[in-house]
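For reference, the structure discussed in these notes is given below.
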Amino acid sequence: VTINSASSTPMLTINGADADLISTYGEETTVLGTCDYGTATLTRDSIAVSNPEVAKLSAGSYLYELACSGDSNHLPSSSSHTLTVQKSPSDGNGPDGVNVTITSSKGSIFTYDGTPSKVDCSTDNPETPALTLTKDGNPVLNPDYVTDVGTYNYECSAAETANYLPGSAL
């Protein structure tokens, strides 16, 4: 009589779903691997991680693999899923609310009083991207000081960084 080993069933979930997932930088993800028989080993890009792994990962693509050892009556088994972390927007709509802002020391409309108005371009992006301030489509120093009567169109632009998309404010 020959008795063959039975198969085992691995269960690998990302945020509770047995599927690949796309998230945005700044979002926390939970990856959990369970085995019905044997020991579960969870890896991310071939490096062992805690099981479950709860993390906020940098923008990129990550391959999670679950290996189940099986036991004397059950075969080893495995499962894998890909977690893709996209860059976060710089418009305040991302999970961490990073913004690009433009401010004027005297507001957007004021009456000339002989003193300049300071126009400043800034961001709360922790990765400190390069900022560009333009006035009527032409680059100016940041901050810029307005001294002449007139209407000016300013734009503040933040460059793309490792985890954030480029952003701008008018």
Side-chain angles (χ1 to χ4, degrees), residues 11-33 42-66 79-170:
M11 177 61 90
L12 178 62
T13 61
I14 303 176
N15 286 357
D18 184 10
D20 294 347
L21 180 74
I22 296 174
S23 71
T24 302
Y25 175 73
E27 293 177 346
E28 185 175 88
T29 55
T30 301
V31 180
L32 174 65
L42 182 62
T43 62
R44 176 177 20 98
D45 296 334
S46 301
I47 298 171
V49 294
S50 62
N51 188 6
E53 181 179 56
V54 179
K56 290 182 181 180
L57 298 172
S58 296
S61 182
Y62 302 92
L63 177 63
Y64 280 93
E65 296 177 289
L66 171 65
S79 181
S80 65
H81 287 302
T82 300
L83 169 63
T84 303
V85 180
Q86 297 178 330
K87 292 183 179 191
S88 185
S90 295
D91 61 3
N93 292 321
D96 49 7
V98 167
N99 284 292
V100 176
T101 55
I102 189 165
T103 56
S104 171
S105 61
K106 295 186 177 186
S108 61
I109 299 175
F110 63 94
T111 301
Y112 177 74
D113 64 3
T115 61
S117 174
K118 178 182 172 184
V119 178
D120 189 40
C121 173
S122 63
T123 182
D124 54 2
N125 180 338
E127 295 179 2
T128 317
L131 295 173
T132 303
L133 180 63
T134 59
K135 176 176 158 182
D136 295 331
N138 299 307
V140 294
L141 293 176
N142 183 25
D144 188 37
Y145 294 90
V146 180
T147 56
D148 297 328
V149 173
T151 300
Y152 305 99
N153 295 309
Y154 280 92
E155 182 174 7
C156 174
S157 300
E160 185 169 350
T161 62
N163 293 301
Y164 294 91
L165 295 168
S168 65
L170 301 173

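Only this structure's heavy atoms are used, side chains among them; waters, hydrogens and symmetry mates stay out.
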Hey, are the side chains of Leu170 and Glu155 touching, using non-hydrogen atoms and a 4.5 Å cut-off?
yes
I'd like to check Pro126 versus Asn163 (side-chain heavy atoms, cut-off strictly below 4.5 Å). Are they in contact?
no
Do Ser90 and Glu160 come within less than 4.5 Å of each other through their side chains, counting heavy atoms only?
no
Hey, are the side chains of Leu12 and Leu42 touching, using non-hydrogen atoms and a 4.5 Å cut-off?
yes
Filter on ring-ring contact (aromatic ring centres under 6.0 Å, His included), then keep only pairs touching residues 132-170, sequence neighbours left out; what's left?
Tyr25-Tyr164
side-chain contact (heavy atoms from CB on, under 4.5 Å) between Thr43 and Val49: does it pass, once the steps are laid out?
CA-CA 5 Å; Thr43 62; Val49 294; 5.8 Å; no
Ser46 and Glu65 have their tightest heavy-atom pair at OG-OE1, 4.3 Å
Step-by-step side-chain contact (heavy atoms from CB on, under 4.5 Å) determination, Thr134 to Ser157
CA-CA 8 Å; Thr134 59; Ser157 300; 5.9 Å; no
Is the shortest heavy-atom distance from the side chain of Arg44 to the side chain of Val31 under 4.5 Å?
no
Over all atoms of both residues, closest heavy-atom pair of Pro116 and Lys106:
O-CE, 3.7 Å
Let me know which of Leu141, Asp120, Asn142 forms a side-chain contact (heavy atoms from CB on, under 4.5 Å) with Leu133.
Asn142
Sub-4.5 Å side-chain heavy-atom contact between Ser61 and Thr82
yes
Under 3.5 Å, side chain of Asn99 to main-chain N/O of Thr101, donor-acceptor pair present?
no
4.5 Å side-chain heavy-atom contact, Asn51 and Leu32
yes
Please list all pairs passing the salt bridge (Lys or Arg N to Asp or Glu O under 4.0 Å) test where one or both residues lie in residues 13-33, with sequence neighbours left out.
none
Taking the side chain as everything from C-beta on, heavy atoms only, tell me whether Gln86 gets closer than 4.5 Å to Ile22.
yes
side-chain hydrogen bond (donor to acceptor under 3.5 Å, both in side chains) assessment of Asp113 paired with Thr115
CA-CA 6 Å; Asp113 64 3; Thr115 61; 2.7 Å; yes
